[in-house]
Peer 1: 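Mind looking over this structure? Questions follow.
Here is how names work: the chains are called A, B, and so on, in the same order as the sequence lines, proteins then strands, and each is numbered from 1.
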Amino acid sequence: MAKIETPRPVRGTQDMLGGTPDAFAERFAHVVATFDRVRKLYGFQRVEVPVFESTAVFARSLGESTDVVSKEMYTFEDRGGDSITLRPEFTAGISRAYITEGWQQYAPLKVATHGPLFRYERPQKGRFRQFHQLDAEIIGAAEPGADVELLVFADQLLKELGINDGVTLTLNTLGDAQSREAWRAALIAHFEAHRGDLSEDSVERLGKNPLRILDSKDPRDRPVADSAPDIDAYLTDEARGFFEKVTSGLDAAGVAWERNARLVRGLDYYRHTAFEFVTDRLGAQGTVLGGGRYDGLIENLGGPATPAVGWAAGIERLAMLVDAPEGEIIISVVPDNAEVDEEAQRIASRLRASNIAVDVAFKGNAKKRVELAKKRKHTAILIVRSTSGDREKLYLQHIDEGKDKAEVHKLVYGALGLDSGLSGGDLR
RNA sequence: GCGAUCGUAGCUCAGUUGGUUAGAGCGCCGGUUUGUGGUACCGGAGGUCGGGGGUUCAAGACCCCUCGAUCGCCCCA
């Protein structure tokens, strides 16, 4: 008989199994839960947007010439003949929803979401084809205060995740449209003048996306890139004033930041503030959270002129940096022998009804079950015994030294309406 | 799309300059021992060495192709 071919996971996708505190799935969940908690502190509403959109939503938002649009999108034709794309980012879809759902009436609108995104890229450390992001946007606010609030939010999130130590906020301004155009022209002139000294990649960039030469990693490009003009000389007074308000706002909020005049971002829609929280602990993928202002985007999609700022953070990247979250309290209920199976089941139900997590093994003698509970790192084992003799009916064995023994004891016996292990009699 | 490294039991890996019937630990299944209890002992199942082709008397080891993984380039969270 021919051996059937086992299905394989699709390249760049991941399966995550939880169960132990250091499991990746648990870290992942911890990042999401922390985001959801902190986002409420800043008054960001949860939004849900579709995982796929009309291809035009992304093509027009991100810019036709960007790598994401030109070679990384999962685009297909559906049965009705429409061109559909799996979302490669959140901002475009949220902007579309803002227009089509009439959300202008709520402006300025603060929204947050998280979920899977798709990009056809070669997987490597901290990069996947299906990956996940946290996302926060403020739509309809032209004030630098919105940029500041978003950055303070991001900063607090990283602090609460305990990873702010190895991560620094790098900040730049790309100016308004007028500043950006003037600067861009100056950069092109500069790079054209040194065309011969640039790497092949950068000569390519010169035609497509000259700003990107600035943050090139190729050592051959560094001298030319480093000697290129900063945007500062080209900033209009408004643009300069805007950036100053952002930085002074950050200082007032106690958020540490660094100016990186070489920071540009890949997508066409960014204006004014551009920022990245970067780390050196993730190999080549240093950016853990990034974003900026995208004042022209919604208008580009056919909506009203609407200023907006936002950021996105890679959940996998954050999850790789966080310490293993503290495990939940979970009690293993073990019947001492088959006679007390039902009694154990009754007790387990009572505990669960009191919101205490309980695990009951399906088979095995008491010893096997105890071994299993210890291996699974449960908090404590509650052994249920028959009441013959003078032994206590219940015996709570504490395993997890990280949890307060007296507290767990009180929790369990409290839920059962007892002071301690009961001698004799049944629980009713 | 390009480059480097790597694919041996469910998992982590040994496997000497090619040389009998491919090993270990953990896990799994069964048993012994113990008996308020993770740490002992015995036994068992499980691999066409990623797949295909080639060199050779002989390939898990060498060569080619292919698929996949990891890391890097590009780009991005």
Side-chain angles (χ1 to χ4, degrees), chain A residues 2-3 5-14 17 31 62-63 65-73 87-91 114-136 154 158 167 199-202 204-205 208-209 212-213 215-219 264-267 275-279 282-292 310-321 332 334 336-337 363-378 381-385 389 391-400 421:
Chain A
K3 199 175 172 183
E5 203 172 315
T6 316
R8 303 173 156 284
V10 173
R11 162 175 264 187
T13 61
Q14 344 171 53
L17 179 64
V31 169
L62 306 184
S65 68
T66 57
D67 280 31
V68 172
V69 173
S70 63
K71 54 186 198 193
E72 294 174 2
M73 296 204 304
R87 65 184 180 198
E89 60 131 44
F90 277 115
T91 304
H114 61 83
L117 303 170
F118 307 85
R119 251 121 91 162
Y120 190 85
E121 296 182 277
R122 281 295 279 268
Q124 58 191 72
K125 190 182 179 73
R127 167 189 292 174
F128 309 92
R129 287 186 172 180
Q130 177 180 332
F131 61 107
H132 301 79
Q133 285 186 348
L134 310 172
D135 186 89
L158 298 181
V167 179
S199 64
E200 304 78 51
D201 280 343
S202 284
E204 180 90 4
R205 290 185 184 109
K208 248 174 60 182
N209 196 348
R212 302 247 44 136
I213 300 174
D215 58 1
S216 167
K217 284 183 203 164
D218 194 314
V264 292
R265 296 190 45 83
L267 309 178
F275 53 86
E276 287 182 358
F277 285 80
V278 296
T279 178
L282 284 180
Q285 270 60 243
T287 304
V288 111
L289 183 154
W311 56 248
I315 300 180
E316 285 88 353
R317 291 186 186 177
L318 293 172
M320 284 189 278
L321 294 174
S332 199
V334 174
D336 195 33
N337 55 58
K363 64 165 188 171
N365 59 27
K367 175 181 172 137
K368 287 266 195 258
R369 294 182 189 218
V370 166
E371 287 176 4
L372 192 64
K374 291 186 172 179
K375 198 158 58 185
R376 298 253 166 98
K377 297 189 183 344
H378 291 161
I381 301 168
L382 184 64
I383 294 172
V384 179
R385 295 190 292 241
R391 305 198 308 184
E392 297 266 284
K393 180 181 180 60
L394 299 177
Y395 175 73
L396 187 70
Q397 189 190 0
H398 196 75
I399 305 173
D400 182 359

Peer 1: Between rG10(B) and rG46(B), how far apart are the two P atoms, rounded to whole Å?
Peer 2: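 To the nearest whole Å, 11 Å.
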
Peer 1: Does Gln124(A) have a side-chain nitrogen or oxygen under 4.0 Å from the phosphate oxygens OP1 or OP2 of rU70(B)?
Peer 2: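 False: Gln124(A) side-chain N/O out of range (4.0 Å or more) of rU70(B) OP1/OP2.
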
Peer 1: How close or far is atom C1' of rC74(B) from atom CZ of Arg205(A), stated in whole angstroms?
Peer 2: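 Result: 7 Å.
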
Peer 1: Please map the stems of RNA chain B, keeping only stretches of three or more Watson-Crick or G-U wobble pairs with both distances under 3.5 angstrom.
Peer 2: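 Detected stem regions: B:1-7 with B:67-73, B:10-13 with B:23-26, B:28-32 with B:40-44, B:50-54 with B:62-66.
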
Peer 1: Could you give the distance separating rU21(B) and rA59(B) at their P atoms, to the nearest angstrom?
Peer 2: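 Their P atoms lie roughly 11 Å apart.
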
Peer 1: Could you check which of rG37(B), rC76(B), rU70(B) has an atom nearest any side-chain atom of Pro123(A)?
Peer 2: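 Among the listed nucleotides, the one closest to the side chain of Pro123(A) is rU70(B).
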
Peer 1: Between Arg317(A) and Gly126(A), what is the shortest heavy-atom contact and its length?
Peer 2: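 Nearest heavy atoms, Arg317(A) then Gly126(A): NE-O, 2.8 Å.
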
Peer 1: Between Arg127(A) and Phe131(A), which is nearer to the 5' end of RNA chain B once each is assigned its nearest nucleotide?
Peer 2: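 Result: Arg127(A).
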
Peer 1: Is any side-chain nitrogen or oxygen of Arg11(A) closer than 4.0 Å to OP1 or OP2 of rC67(B)?
Peer 2: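 No, no such contact exists.
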
Peer 1: Is Leu289(A) touching bases, backbone alone, or none of the nucleic acid, heavy atoms closer than 4.0 Å?
Peer 2: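 Touches sugar-phosphate only.
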
Peer 1: Separation of Lys125(A) atom NZ from rC76(B) atom C1', in whole Å?
Peer 2: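 Checked: the NZ to C1' distance equals 17 Å.
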
Peer 1: How close or far is atom P of rC2(B) from atom CD of Glu200(A), stated in whole angstroms?
Peer 2: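 Interatomic distance, CD of Glu200(A) to P of rC2(B): 17 Å.
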
Peer 1: Which nucleotide wins on minimum distance to the side chain of Arg8(A), given the candidates rG68(B), rC73(B), rG37(B)?
Peer 2: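 Nearest to the side chain of Arg8(A) among the choices is rG68(B).
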
Peer 1: Nearest whole angstrom, please: distance from the P of rC76(B) to the CZ of Arg317(A).
Peer 2: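 These atoms are roughly 11 Å apart.
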
Peer 1: From Phe131(A) CZ over to Glu316(A) CD, what is the distance, rounded to the nearest 0.5 angstrom?
Peer 2: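 If we round to the nearest 0.5 Å, Phe131(A):CZ and Glu316(A):CD are 8.0 Å apart.
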
Peer 1: Please determine whether any donor N or O and acceptor N or O are separated by less than 3.5 Å between the side chain of Arg265(A) and the base of rC76(B).
Peer 2: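 Flag unset: no donor-acceptor pair detected.
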
Peer 1: Thinking salt bridges, do Arg129(A) and Glu121(A) make one under a 4.0 Å N-O criterion?
Peer 2: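 Looking at Arg129(A) and Glu121(A), the cut-off is not met.
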
Peer 1: If you measure from CD1 on Ile315(A) to NE2 on His114(A), what distance do you get to the nearest 0.5 Å?
Peer 2: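 Separation between the atoms: 6.5 Å.
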
Peer 1: What distance, rounded to whole Å, do you find between the two C1' atoms, one in rA24(B) and one in rA9(B)?
Peer 2: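 Comparing C1' positions in rA24(B) and rA9(B) gives a spacing of 11 Å.
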
Peer 1: Rounding to the closest angstrom, what is the interatomic distance between rC75(B) and rC6(B) at atom P?
Peer 2: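 28 Å, rounded to whole Å.
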
Peer 1: Can you confirm whether Leu289(A) sits close enough to Leu318(A) that some side-chain heavy atom of one is under 4.5 Å from a side-chain heavy atom of the other?
Peer 2: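 No, too far: nothing below the 4.5 Å cut-off.
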
Peer 1: Is the phosphate of rG37(B) approached by Lys374(A) (side-chain N or O, under 4.0 Å from OP1 or OP2)?
Peer 2: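 For rG37(B), neither OP1 nor OP2 has a side-chain N or O of Lys374(A) closer than 4.0 Å.
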
Peer 1: What is the distance, to the nearest angstrom, from the NZ atom on Lys367(A) to the P atom on rU33(B)?
Peer 2: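 Spelled out: NZ on Lys367(A) to P on rU33(B) is 12 Å.
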
Peer 1: Mapping Ser216(A) and Tyr120(A) to their closest nucleotides on RNA chain B, which lands nearer the 5' end?
Peer 2: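 The 5'-side residue here is Tyr120(A).
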
Peer 1: With rounding to the closest Å, how many angstrom separate the C1' atoms on rC62(B) and rG72(B)?
Peer 2: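 Between the two C1' atoms, the distance is 28 Å.
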
Peer 1: When the C1' atoms of rC41(B) and rU5(B) are considered, how many whole Å apart are they?
Peer 2: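 43 Å, rounded to whole Å.
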
Peer 1: Say you pick atom C1' in rG60(B) and the same atom in rG47(B); how far apart are they, in whole Å?
Peer 2: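 My reading of the C1' atoms in rG60(B) and rG47(B) gives 11 Å.
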
Peer 1: Answer with base, sugar-phosphate or nothing: what part of the nucleic acid does Phe128(A) contact at a heavy-atom distance below 4.0 Å?
Peer 2: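 Base, at least one base atom sits under 4.0 Å.
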
Peer 1: Answer whether the closest heavy-atom distance between the side chains of Leu62(A) and Glu89(A) falls below 4.5 Å.
Peer 2: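 Leu62(A) reaches Glu89(A) side chain to side chain.
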
Peer 1: Whole-Å distance between rG1(B) P and Arg122(A) CZ?
Peer 2: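 My rounded result for the distance is 7 Å.
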
Peer 1: In whole Å, what is the span from the CG atom of Leu396(A) to the P atom of rG37(B)?
Peer 2: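 Computing the Leu396(A):CG to rG37(B):P distance gives 13 Å.
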
Peer 1: Where the side chain of Tyr395(A) is defined as all heavy atoms beyond and including C-beta, which of rG37(B), rG72(B), rC74(B) is the nearest nucleotide?
Peer 2: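 That would be rG37(B).
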
Peer 1: Using a 4.0 Å heavy-atom cut-off across all strands, classify Gln397(A) as base, sugar-phosphate, or nothing.
Peer 2: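 The residue Gln397(A) makes base contact.
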
Peer 1: For atom C1', what is the distance between rA14(B) and rA22(B), given to the nearest Å?
Peer 2: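 Here rA14(B) and rA22(B) have their C1' atoms 11 Å from each other.
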
Peer 1: Would the distance check show the side chain of Ser202(A) and the main-chain N or O of Arg205(A) forming a donor-acceptor pair, the cut-off being under 3.5 Å?
Peer 2: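 Absent.
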
Peer 1: Grab the two heavy atoms, one from Pro123(A) and one from Arg11(A), that are nearest each other, plus how far apart they are.
Peer 2: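 What the structure gives for the nearest pair is CG-CG, 3.7 Å.
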
Peer 1: Nearest of rC73(B), rC75(B), rA77(B) to any side-chain atom of Thr287(A)?
Peer 2: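 Of the options given, the side chain of Thr287(A) lies nearest rA77(B).
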
Peer 1: If you check the Ala284(A) side chain, which of rG72(B), rC75(B), rG37(B) turns out closest?
Peer 2: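 Shortest atom-to-atom distance from the side chain points to rG72(B).
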
Peer 1: Does any part of the side chain of Thr287(A), heavy atoms only, come nearer than 4.5 Å to the side chain of Phe277(A), both counted from C-beta?
Peer 2: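 No, side chains not in contact.
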
Peer 1: Need one value for Gly291(A): base, sugar-phosphate or nothing, where a base atom within 4.0 Å counts as base even if backbone is also close, heavy atoms only.
Peer 2: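 Contact class for Gly291(A): none.
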
Peer 1: Using a strict 4.0 Å threshold on nitrogen-to-oxygen distance, state whether Arg265(A) and Glu276(A) make a salt bridge.
Peer 2: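 Answer for the salt bridge query: yes.
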
Peer 1: Distance check needed: rC71(B) C1' versus Lys217(A) NZ, whole Å only.
Peer 2: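 Spelled out: NZ on Lys217(A) to C1' on rC71(B) is 12 Å.
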
Peer 1: Could you please name the option among rA77(B), rG38(B), rG68(B) that lies closest to any side-chain atom of Glu371(A)?
Peer 2: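 When the side chain of Glu371(A) is considered, rG38(B) is the closest of rA77(B), rG38(B), rG68(B).
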
Peer 1: Looking only at the side chain of Asp336(A) (C-beta and beyond, no hydrogens), which of the listed nucleotides rC73(B), rA77(B), rG37(B) gets closest?
Peer 2: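 Comparing rC73(B), rA77(B), rG37(B) against the side chain of Asp336(A), the answer is rG37(B).
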
